[in-house]
There are 2 protein chains.
Amino acid sequence: MIAGWEDVRAEVLRRIRARLWAPGALIPGEEALAAEFGVARATVNRALRDLAEAGLLERRRKAGTRVALLPVRRATLEIPVIRQEVEARGQSHSFRLLAMRMAVPPLPVAGQLGWAPDAEKLYLETLHLADGKPYAHETRWLDPAHLPDPRPDFAAVSVNEWLVTHVAFATGDIAFAAEAADARSAEVLGVAQGAALFVTERTTFTTETAITFVRLIHAPGYRMVTMV
Amino acid sequence: MIAGWEDVRAEVLRRIRARLWAPGALIPGEEALAAEFGVARATVNRALRDLAEAGLLERRRKAGTRVALLPVRRATLEIPVIRQEVEARGQSHSFRLLAMRMAVPPLPVAGQLGWAPDAEKLYLETLHLADGKPYAHETRWLDPAHLPDPRPDFAAVSVNEWLVTHVAFATGDIAFAAEAADARSAEVLGVAQGAALFVTERTTFTTETAITFVRLIHAPGYRMVTMV
DNA sequence: GACGTTATTATGTCTATACATAATGATCCG
DNA sequence: CGGATCATTATGTATAGACATAATAACGTC
């Protein structure tokens, strides 16, 4: 018995998996499915829209709905605040502010963020600890124009967290890569130079100009996991 | 003038960003907002639901809707078939099947996949090339029970792609990590042993038992990028 | 005051109907 | 035949009204 939109989604998914509807094939229209399942068209629409968002169906007005030929898997990554990430592992989070000074960012950084190439910005370096052991090494460039006067006490509240709760809800992009540990990160994280480290880079914008650029260099063994 | 649900979402987002509604604060109910904006409640619902999915709002029945205190950023990663990924960079994709044999998988692999610890499975090793240069080194364990008889010609169609189009639409999990190149990957990718490489691990299930487990070891310089 | 029960309430969803929009395919014309 | 125009059609979205569900708050009992 098909009642709600989740039932509809399940049934459509079943038919796709069972290859009753082959990849690339056109499936019946919403009206037809609504009639068959005995629900309203809006309910079918909700279900199909959901599957389309997941990348399993491709929908185009007038053209109809077809099963994706080469389904692009879409995984949603949750990117929590570091403190939450550490605490979720049952460890206690702490951090040490290693450096905080005004400096001119390297040209590639200034360029990517749309900053004037010779303007001084705030440079922050933080070491995050899980149960007292190095967890991640954070280096950050921050436009002080977005900070209140007087500045927040970044030795008490991590920059990370202050930003999230105060200039949150901005757009940006994230990149992940593997890099060999440079001298500084190796020293701070207590690993051999050249060790393979997982690096997260985030750029955050509000409107036109960037607020901040962070590199998060994770300690060895870090894995980012997600379900599909 | 607010007309559609996207307008409602934009206005709500504006108020959150402008801190008219502070983090943690309860926002007006759907009915109230619908009246204020001059739209139906269903329209407000659609907008708020979308923002909740994005992690900016937290909604609970009866309790109402509140602005997320520590918004968990949700990034959606698109995980395309390797061929598409390479071609999207304007390069040509090819691959070489380096190995294909029946073997007993290592215990940790068998364990994670719910396979009997001593059962033979199909082991496949593939090198993916972009414009003829090493792009990624793929090692895969595959349960041959899910293959048709006779087996597909994996020298002609990449395993990756055959699976996506034939046993697609399954669930699974994905993990990302940085690892030092072992002897085999170093040789195949043409890099120094110990080099920092980006590794993707995917486990794919249909029902209870796993179909396949892949490790994709990317050539140096690989970056995974996404927008928020 | 502690505890189980009930009323209340905000969100979740469904329905039926209507109109909007985009893309296709047919048609008409030069 | 090429190209512009228009009718058609499937999805996209809006609406009002209704009921479902979950969780809180209020209440009554002991």
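Here the structure is a predicted model, which is why all the values come from computation and not from measurement. So that the names make sense, note that chain A is the first sequence line, chain B the second, and so on, each numbered from 1.
- Scanning DNA chain D 5' to 3' for nucleotides with an atom closer than 4.0 angstrom to a non-hydrogen atom of chain A gives a first and last hit of D/dT8 to D/dT13.
- Sorted by first then second residue, the salt bridge (charged side-chain N to carboxylate O under 4.0 Å, His left out) pairs that include residues 146-158 of chain B, not counting sequence neighbours, number zero.
- Rounded to whole angstrom, the span from the CH2 atom of A/W5 across to the P atom of C/dG12 amounts to 12 Å.
- For the salt bridge (charged side-chain N to carboxylate O under 4.0 Å, His left out) condition, the pairs that include at least one residue of residues 52-69 of chain A, sequence neighbours left out, are A/E30-A/R59.
- Listed by chain and residue number, A/R83 satisfy the salt bridge (charged side-chain N to carboxylate O under 4.0 Å, His left out) test with A/E161 (two or more places apart in sequence, or in another chain).
- By the neighbour-count criterion of 12 heavy atoms within 6.0 Å, atom CD of A/Q84 is densely surrounded, having more than that number from other residues, nucleotides or ligands.
- Summarising the geometry, the separation between NZ on B/K62 and P on C/dA7 is reported as 14 Å, rounded to the nearest angstrom.
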Taking only nitrogen or oxygen atoms into account, show me every contact under 3.5 Å that the protein makes with nucleotides 15-18 of chain C, one pair per line with its distance.
{"from": "C/dT15", "atom 1": "OP2", "to": "A/A40", "atom 2": "N", "distance (Å)": "2.8"}
{"from": "C/dT15", "atom 1": "OP2", "to": "A/T43", "atom 2": "OG1", "distance (Å)": "2.6"}
{"from": "C/dA18", "atom 1": "N6", "to": "A/R41", "atom 2": "NH2", "distance (Å)": "3.4"}

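- Take A/H128 and apply the ring pair (Phe, Tyr, Trp, His ring centres under 6.0 Å) test, not counting sequence neighbours, and it matches A/H93.
- Atom pair B/R59:CZ and C/dT9:P shows a separation of 18 Å (rounding to whole Å applied).
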Could you go through residues 213-228 of chain A and list every donor-acceptor pair under 3.5 Å that involves a side-chain atom there, pairing it with any protein atom two or more places apart or in another chain?
{"from": "A/R215", "atom 1": "NH1", "to": "A/E179", "atom 2": "OE2", "distance (Å)": "3.2"}
{"from": "A/R215", "atom 1": "NH1", "to": "A/E201", "atom 2": "OE2", "distance (Å)": "2.7"}
{"from": "A/R215", "atom 1": "NH2", "to": "A/E179", "atom 2": "OE1", "distance (Å)": "2.9"}
{"from": "A/H218", "atom 1": "NE2", "to": "A/T200", "atom 2": "OG1", "distance (Å)": "3.2"}
{"from": "A/Y222", "atom 1": "OH", "to": "A/E85", "atom 2": "OE2", "distance (Å)": "3.3"}
{"from": "A/R223", "atom 1": "NH2", "to": "B/E201", "atom 2": "OE1", "distance (Å)": "3.2"}
{"from": "A/T226", "atom 1": "OG1", "to": "A/T76", "atom 2": "O", "distance (Å)": "3.1"}

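- With sequence neighbours left out, B/T212 forms a side-chain hydrogen bond (donor to acceptor under 3.5 Å, both in side chains) with B/R140.
- Applying the side-chain contact (heavy atoms from CB on, under 4.5 Å) rule to A/Q91 yields the partners A/V86, A/R89, A/A130, A/D131; only residues at least two apart in sequence or on another chain are considered.
- Applying a 4.0 Å cut-off to non-hydrogen atoms, none of the residues of residues 26-36 of chain B approaches DNA chain D.
- A/I2 places its CD1 atom 16 Å from the C1' atom of C/dT13, with the value rounded to the nearest Å.
- Between B/N45 and the phosphate of C/dG12, there is a side-chain N or O to OP1/OP2 separation shorter than 4.0 Å.
- Mapping A/A63 and A/R49 onto DNA chain D via the closest heavy atom, the residue that lands nearer the 5' end is A/A63.
- Shown here are the side-chain hydrogen bond (donor to acceptor under 3.5 Å, both in side chains) partners of B/E36, two or more places apart in sequence or in another chain: B/R15.
- Aromatic ring centres of B/Y135 and B/F95 lie farther apart than the 6.0 Å criterion allows.
- Straight-line distance from the CZ atom of A/F37 to the C1' atom of C/dC14: 16 Å, rounded to whole Å.
- Applying the ring pair (Phe, Tyr, Trp, His ring centres under 6.0 Å) test to every pair with at least one member in residues 2-60 of chain B, sequence neighbours left out, gives no pairs at all.
- A sub-4.0 Å separation between OP1 or OP2 of C/dT24 and a side-chain N or O of A/R60 is present.
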